[in-house]
Every structure is written in structure tokens, then in C-alpha cells.
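Reading through the C-alpha cells given below for one structure.
A, B, ... follow the sequence lines: proteins, then strands. Residue 1 opens every chain.
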Number of protein chains: 2
Amino acid sequence: MTTETERPIEPERVRAPNIRDVARVAGVSYQTVSRVLNDSPNIRPETLQRVRDAIDELGYRPNQAARALVTSRSRTIGVLAAQTVHYGPATSIQAIETAAREAGYRLSITNITSSEYASIKSGLDYLMSQAIEALVVIAPQVRVFEAINDLQVGVPFVTLEATGMNTDHSLWVDQVMGARMATRHLIELGHTEIMHISGPQDWIEAEARMQGFLRELGDADLRTRAPILGDWTASFGYYAGLELLRYRDFTAVFAGNDQMALGFMHACREFGLSVPGDISIVGFDDVPEAAHFAPPLTTVRQNFAEIGRRAIALLLGELRGDTELSHEPVQPELVIRQSTARVS
Amino acid sequence: MTTETERPIEPERVRAPNIRDVARVAGVSYQTVSRVLNDSPNIRPETLQRVRDAIDELGYRPNQAARALVTSRSRTIGVLAAQTVHYGPATSIQAIETAAREAGYRLSITNITSSEYASIKSGLDYLMSQAIEALVVIAPQVRVFEAINDLQVGVPFVTLEATGMNTDHSLWVDQVMGARMATRHLIELGHTEIMHISGPQDWIEAEARMQGFLRELGDADLRTRAPILGDWTASFGYYAGLELLRYRDFTAVFAGNDQMALGFMHACREFGLSVPGDISIVGFDDVPEAAHFAPPLTTVRQNFAEIGRRAIALLLGELRGDTELSHEPVQPELVIRQSTARVS
DNA sequence: GGTCTGGATGTGTACGGTCACATCCGCGCC
DNA sequence: GGCGCGGATGTGACCGTACACATCCAGACC
């Protein structure tokens with residue numbers, strides 16, 4: 001215990017100061033201290049100052065456990081997340097954390113490692129054991145909603161990055177629109193044979209992007225082909241590319257995210273194919289690295305931080321009892337770089 | 001409130017069941033229930049079963065706030081993090097979360113957005129207000145240690161990814177060694193003019209990698225030149241490349257992380273330079289995408305998940321009072337791909 | 001058969017806050 | 001001058017749990 005030897009002067013503080021200690025020092029009742037802590041009006045300025053001085057003097061910190069016990073409010077927002085190592089979820093979480101902290105809430109984050117029901121349920125269970133007051137679901141999978149119902153979570157929740165199919169609880173980026181924009185861009189460049197490498201089927205956003213893709217193709221009366229179901233990783237994009245390029249019966253690819261697009265471009269290089277000369281590629285997300293891929297990737301940008309902030313705003317509003325909250329979707333944006341070109 | 005209308009049958013539960021409710025249903029005293037919850041021995045199997053049944057029947061969940069209040073143990077581990085959107089920290093955090101959860105701890109994560117003292121202090125303050133029992137510092141910056149001392153954090157803490165300069169509290173990847181491996185690899189390929197693009201100077205790991213780089217050059221009696229101080233981003237690597245390649249008085253680059261290496265390779269393309277034909281590049285971290293860069297990046301792999309796990313193991317050991325814990329560094333590993341070649 | 005022993009279980013209290021309610025006091029009003 | 005009023009402050013109870021201690025009881029032992 002280096003800390004002990006470094007400052008042996010200070011007496012061992014057996015117990016942290018509590019509200020009554022503060023009251024004693026300030027010469028008021030503990031209730032008055034409590035009032036100060038809770039910004040209650042009707043305190044004489046002089047008294048207020050005395051209490052504040054006492055708090056500083058003792059280095060008093062309110063005991064959150066005690067407060068939570070008596071108010072039965074944990075001041076905790078739960079986050080059920082998947083793939084937190086990815087740029088999108090990670091960015092949203094960071095924004096959520098900041099917004100929550102500013103509002104006096106703390107976060108409890110848990111990762112689900114598989115999309116199996118048991119895993120989701122166990123994650124939710126963990127969060128509920130902490131008496132969360134609200135729930136944010138990031139990168140939602142279809143089964144999450146079942147679990148939320150089954151476990152009677154019973155707190156306000158929002159879902160990020162979903163499709164809007166559950167508008168009551170989702171704060172959504174219009175993924176369908178984003179996918180349409182990407183697809184339309186390729187169509188406008190003259191591509192008629194477009195491949196889609198999708199995310200895992202049980203991911204709502206993967207599904208949404210696929211829908212957008214298919215609808216846009218349909219609107220243009222183009223032939224649709226079965227999308228490839230991937231797993232979001234660059235490696236998948238690579239191996240899928242190795243497979244698909246053996247036939248090369250397409251001139252453009254819309255990848256479900258930037259990582260898979262990266263892997264696919266890698267495969268193109270191995271086949272000696274030029275991007276965008278031979279194959280055009282569009283990604284999704286606009287991770288910061290996408291601008292530096294070879295070639296810089298045309299992709300669909302999502303404002304992950306904005307989504308995170310709005311999620312918290314929405315939940316806090318609901319906790320406060322506000323009704324009529326804005327659920328309008330966040331609009332994605334097509335970022336055209338150098339991985340797409342007019343079909344030759 | 002859709003939830004309300006969806007299942008209106010259930011009566012409004014005014015109060016969650018507590019330990020006494022369980023006791024009443026099970027026909028035992030509340031203390032017996034408490035014993036069951038805490039796995040105390042000396043309970044008649046029959047009684048045990050009755051209590052468990054009652055718990056299930058009522059859907060009882062222990063109130064963590066009450067428990068924390070009486071035991072004065074928050075069962076919370078604080079995480080002070082920076083750059084959580086990056087692969088390394090994000091991976092470590094995920095591992096930490098899993099390990100902590102398995103051990104019955106929850107995590108409280110806070111991000112510091114700037115490396116200023118005030119920001120660090122405010123982050124620590126936030127964590128302390130939650131009565132954390134231990135602290136993990138991720139991606140540490142020099143000033144963090146000052147803050148930890150100033151605020152008398154007073155709980156066990158470990159630092160991830162540091163240099164070993166503070167071996168008491170750091171669980172370190174041998175960054176110096178990793179940097180030496182990268183540099184030596186370039187030297188062995190015949191490079192004598194090697195550039196280093198470092199991370200921000202106030203990051204301990206950036207400093208460590210720079211040290212390793214300089215020492216290895218020194219050992220080989222090669223000319224050292226001032227490293228460029230970057231900010232970890234791909235964009236920085238790109239713009240640094242645009243600048244440096246105008247002179248091109250080097251044949252190899254050791255980048256402080258994979259992102260900056262990516263940006264640098266982008267700059268090389270713009271100059272019409274081949275990697276590794278004209279310039280060899282080594283990164284650091286081995287993010288999953290690195291294998292699919294153009295060309296696939298030679299880099300130094302760190303086992304971020306392992307670090308995270310060991311951090312928790314270390315802290316839990318200390319909380320339990322174990323002494324003599326292993327602080328041996330995690331060894332990084334050089335992953336040779338196609339961005340490095342013998343000097344021509 | 002009384003005493004000792006230890007396993008199984010029950011009772012009182014404390015943890016640190018907040019809430020509802022009580023009290024005190026000075027002021028304006030009839 | 002007694003009364004009502006409202007601002008400022010104090011008192012008691014309670015939130016749900018764990019710990020220390022007390023109690024009960026059956027079996028071993030002399």
C-alpha cells in the first residue's frame with residue numbers, strides 16, 4: 001500500500017463523513033444539509049454558505065447508495081450493446097455517456113457476445129438487477145424485443161439505429177433511405193448488376209439496409225439477386241469477394257458497412273481488378289479511416305454521436321414525463337469518394 | 001405508455017418485493033433469506049429450497065443500493081478511458097466488462113475528452129462520487145497520475161498499456177519491446193533511414209513506442225531523427241505523409257498505430273510511390289482491418305483482451321488482499337505482412 | 001439424565017440519506 | 001393585540017439489507 005506510506009500523517013478515516021457530520025460542523029440540522037444538497041429553495045443565503053463551507057471542509061460526498069435506497073431511483077441508464085468495438089456503436093456510446101453524465105445519470109453498459117436469446121436475456125437481466133431507470137439498446141437484434149417483453153423490463157427504452165418499425169421506442173437513422181441513396185448512386189452511374197453484401201440477418205439495421213437496396217433496385221426495374229449475408233468484418237468481405245469475383249457477373253457492390261467494403265476491395269486487388277475501374281463499391285457508416293482506404297471509399301455517413309445524444313434526450317424526457325417527443329429519423333448522408341465510377 | 005396498455009391485467013406493483021416478503025412466503029425469518037442470498041453454509045437443504053422457491057415466485061431481486069449502503073461496498077469498478085472509439089481501448093473495455101461482470105462487479109466508464117488536467121480530474125471526480133472500489137486507467141496520459149494523487153483516489157488501480165515505469169500499478173504491454181521489434185524488422189530489411197510518426201506526446205504509450213524506436217536505432221548505430229508527433233488519426237498520417245514525402249529522405253516509416261500507417265500509405269499513393277516497393281511501413285496494434293489494407297499492413301499485435309482480463313484479475317486480487325501478484329508485461333508480437341520489404 | 005457442543009434459525013441495530021410532518025418566528029391584517 | 005400566513009428550520013420514520021448476537025434444539029459425552 002504505497003498510498004499509506006506516502007502520507008502517514010493523515011489519520012485513518014474509519015468512516016466517510018455523512019450528512020449529520022456536515023450538519024454538526026455547520027451548526028444546522030441534517031435536514032437543512034439535505035436541502036442544500038437538493039437545491040431546495042427557501043434557505044437563508046447565510047445558512048447555505050455555512051453548509052457549503054462545512055461540506056468543503058469535510059470533503060463530504062453524498063452517498064449514492066443511500067440516496068438510491070430511499071428514493072428508489074438508481075440514476076442509472078442501462079446500455080445493451082453489441083459490437084462495441086466497432087466505430088458506430090462506440091461513438092454512440094461515448095455520446096450517450098457524456099449526455100447521461102451531464103444529466104446526472106450514470107451508465108451501465110453490457111455487451112452481448114452472441115445474438116442468441118439466452119445471451120440477450122442474460123444481459124438484460126444483469127441490467128435489471130441494477131435497477132436501471134431507462135434502457136438504450138444499441139445495434140439491436142431482432143430477438144432483443146422479445147426479451148424486453150419477456151422480462152418485463154418496464155422502463156422507458158430506445159433502440160438505436162433501427163428501422164422505425166417500432167417507432168414508439170426507436171430513435172432511428174433512416175437506414176432504408178441510406179441504403180437507397182447508396183444504391184441509387186450506383187444506378188445513376190449506369191450500373192445494372194449490383195451485388196449486396198449484407199450484415200447478419202438478425203440485425204435489424206442489416207435488414208433495413210437490405211430492404212432499401214432491394215426497393216431501390218425494384219423501383220429502377222433492375223434485376224435483384226440474393227444478397228450475401230455477412231458478419232460485418234473485413235475478413236468476411238474479403239472472402240466473399242474471393243468467391244464472388246470468380247464469376248464476376250456484376251459491376252458494383254453495395255456493402256453493409258465499411259469494413260466489409262474494405263475486405264472486398266482487398267479481394268479485388270488479388271484478382272487484379274481496379275476499383276472503381278472494374279468494380280464500383282459503396283460502403284456504409286463512414287468510419288474515419290474510410291477516407292484513406294485504397295481508393296477512398298464512397299459510403300453513407302451516419303451521425304452516430306447525434307443519435308447517442310438524442311437517445312438520452314428522449315429517455316430523460318420520458319422519465320420527466322414529457323410527452324410528444326420528437327422521434328423523427330436522423331438522415332444519413334451519401335459521401336462520394338473514389339471507389340465508385342461510371343460503368344465502362 | 002404502450003407498455004401499460006399492452007398488459008393492463010397486471011396490477012400496478014407499488015413496491016418491489018423485499019427480503020421480508022420472501023421470508024414471509026417461505027415461512028422463515030428474513031435473516032435466513034439473507035443467508036441464502038449470500039451462500040452462507042449451514043442451511044438445511046429443505047429450507048434452502050423453500051426460500052429459493054419463494055424468490056422465484058415473487059420475482060425477487062436483491063436491492064443493490066441497500067446492499068451497498070450496509071456493506072459500504074459499491075461493487076463498482078471505475079474505468080477512466082480515452083479514445084474509446086479506437087479498437088484497442090474498446091477491446092480492452094469489453095474484456096474488462098466481461099471479467100468484471102463475472103466477478104459480480106459492475107463498471108462505470110467515463111471518457112476524458114481532452115488530456116487537460118481539468119478534464120482528467122473531472123472524470124476521476126465523477127468516478128469517485130460513485131464510490132468505486134477500484135480503478136482502471138486506459139490509454140493513460142501523463143497527467144492522470146498527478147490527478148490520482150491529488151484527489152487521493154485511495155483505491156487500488158491499474159494502468160493499461162503503459163510502460164512499466166510505474167510497475168506498482170501498471171499492467172503493461174511491453175510497448176518499448178514492441179517498438180523495438182518493429183524497428184529491428186525494418187533494420188534487418190536493410191533500411192537505415194527510418195521515420196517515426198508518433199502518437200501525442202502526453203500519451204505514455206506514444207512515449208514508450210518512441211523510446212523503443214530510438215533505442216533500437218541507437219543500438220544499430222543508425223542516425224536518429226526527430227519523430228513527428230501525431231494524434232493517432234488516419235488523417236494525420238495522411239497529411240504528415242504529404243509533407244514528408246516531398247523530401248523523401250527515408251525509405252521506411254514506423255507509425256505509432258495502424259490508423260496513421262493507413263493514412264501514410266494513402267499519401268504514398270498520391271505521390272505514386274509503391275508500398276513496400278519504395279517505402280516500407282510498419283504500424284502498431286493490429287486492428288482487424290490491417291490485414292486488408294492496401295497492402296496488408298505489417299504491424300505489432302497487442303492482445304488487448306488479455307490485458308483487460310488481467311487488469312481485472314489484478315484488481316480483484318488486490319481487493320481480496322492477495323499480495324504478490326504478477327505484473328509481468330504482456331508481450332507484443334510482430335505480424336509481418338506485405339507493407340515491408342528489403343530496401344532496394 | 002444433565003451438560004456441552006455446534007448447526008440451524010431468529011432478533012435488534014446500523015448504514016446514510018429523503019420524505020412527511022411539526023415547529024418556530026416575524027410580519028401584515030382586521 | 002390576537003390571528004393567520006408563509007418562509008426557514010427541525011424531528012421521526014422509513015427505505016432494504018447485512019452483521020453481531022441471541023436463541024433453540026438435537027445429539028454426543030460423561
Fill in: Whichever of A:R20 and A:P45 has its nearest DNA chain D nucleotide further upstream toward 5'
A:P45
Discussion item. Categorize A:P41 for me: base, sugar-phosphate, or nothing, with a 4.0 angstrom heavy-atom threshold over every strand shown.
Written reply: nothing
Atom [atom1] of [X] and atom [atom2] of [N]: how far apart are they, to the nearest Å?
X     : N      : atom1 : atom2 : answer
A:I43 : D:dG10 : CD1   : C1'   : 13 Å
A:R50 : D:dA8  : CZ    : C1'   : 12 Å
A:I55 : C:dG17 : CD1   : P     : 10 Å
A:L58 : C:dG16 : CG    : C1'   : 15 Å
A:L37 : C:dG17 : CG    : C1'   : 9 Å
B:L48 : C:dA8  : CG    : P     : 11 Å
A:Y30 : C:dT18 : OH    : C1'   : 10 Å

Quick one: which of [options] gets closest to the side chain of [X]?
X     : options                : value
A:S29 : D:dT11, C:dT18, D:dA18 : D:dT11
A:Q31 : C:dC19, C:dG12, C:dG17 : C:dC19
B:R44 : C:dT11, C:dT18, C:dA8  : C:dA8
A:T32 : D:dT17, C:dT18, D:dT9  : D:dT9

Is it the case that the side chain of [X] and the backbone of [Y] share a donor-acceptor pair, with hydrogens and angles ignored and the cut-off at 3.5 Å?
X     : Y      : answer
B:N63 : B:A65  : yes
A:R75 : A:Y105 : no
A:Q64 : B:S129 : yes

Worksheet item: Is the count of non-hydrogen atoms from other residues, nucleotides or ligands lying under 6.0 Å from A:E146 atom CD greater than 12?
Response: yes
Worksheet item: Reckon B:N42 has a side-chain N or O less than 4.0 Å from the OP1 or OP2 of C:dT9?
Response: no
Discussion item. For a quick test of reading the model: is some side-chain N or O of A:Y60 closer than 4.0 Å to OP1 or OP2 of C:dG17?
Written reply: yes
Worksheet item: Can you check salt bridge (Lys or Arg N to Asp or Glu O under 4.0 Å) on B:D150 and B:R143, steps first, answer last?
Response: CA-CA 11 Å; B:D150 283 7; B:R143 295 195 195 78; over 6 Å; no
Practice prompt. List in numerical order all residues of residues 63-77 of chain B for which some heavy atom is under 4.0 Å away from an atom belonging to DNA chain C.
Written response: B:L69, B:V70
Fill in: Distance-only donor-acceptor test, B:R61 side-chain atoms vs D:dG16 base atoms, 3.5 Å
no
Discussion item. Can you say whether a donor on the side chain of A:R35 sits under 3.5 Å from an acceptor on the base of D:dG10, or the other way round?
Written reply: yes
Worksheet item: If you round to the nearest 0.5 Å, how far is CD of A:E97 from OG1 of B:T110?
Response: 4.0 Å
Discussion item. One thing to verify: whether A:D53 and A:R50 come together as a salt bridge, which I'm taking to mean a side-chain N less than 4.0 angstrom from a carboxylate O.
Written reply: no
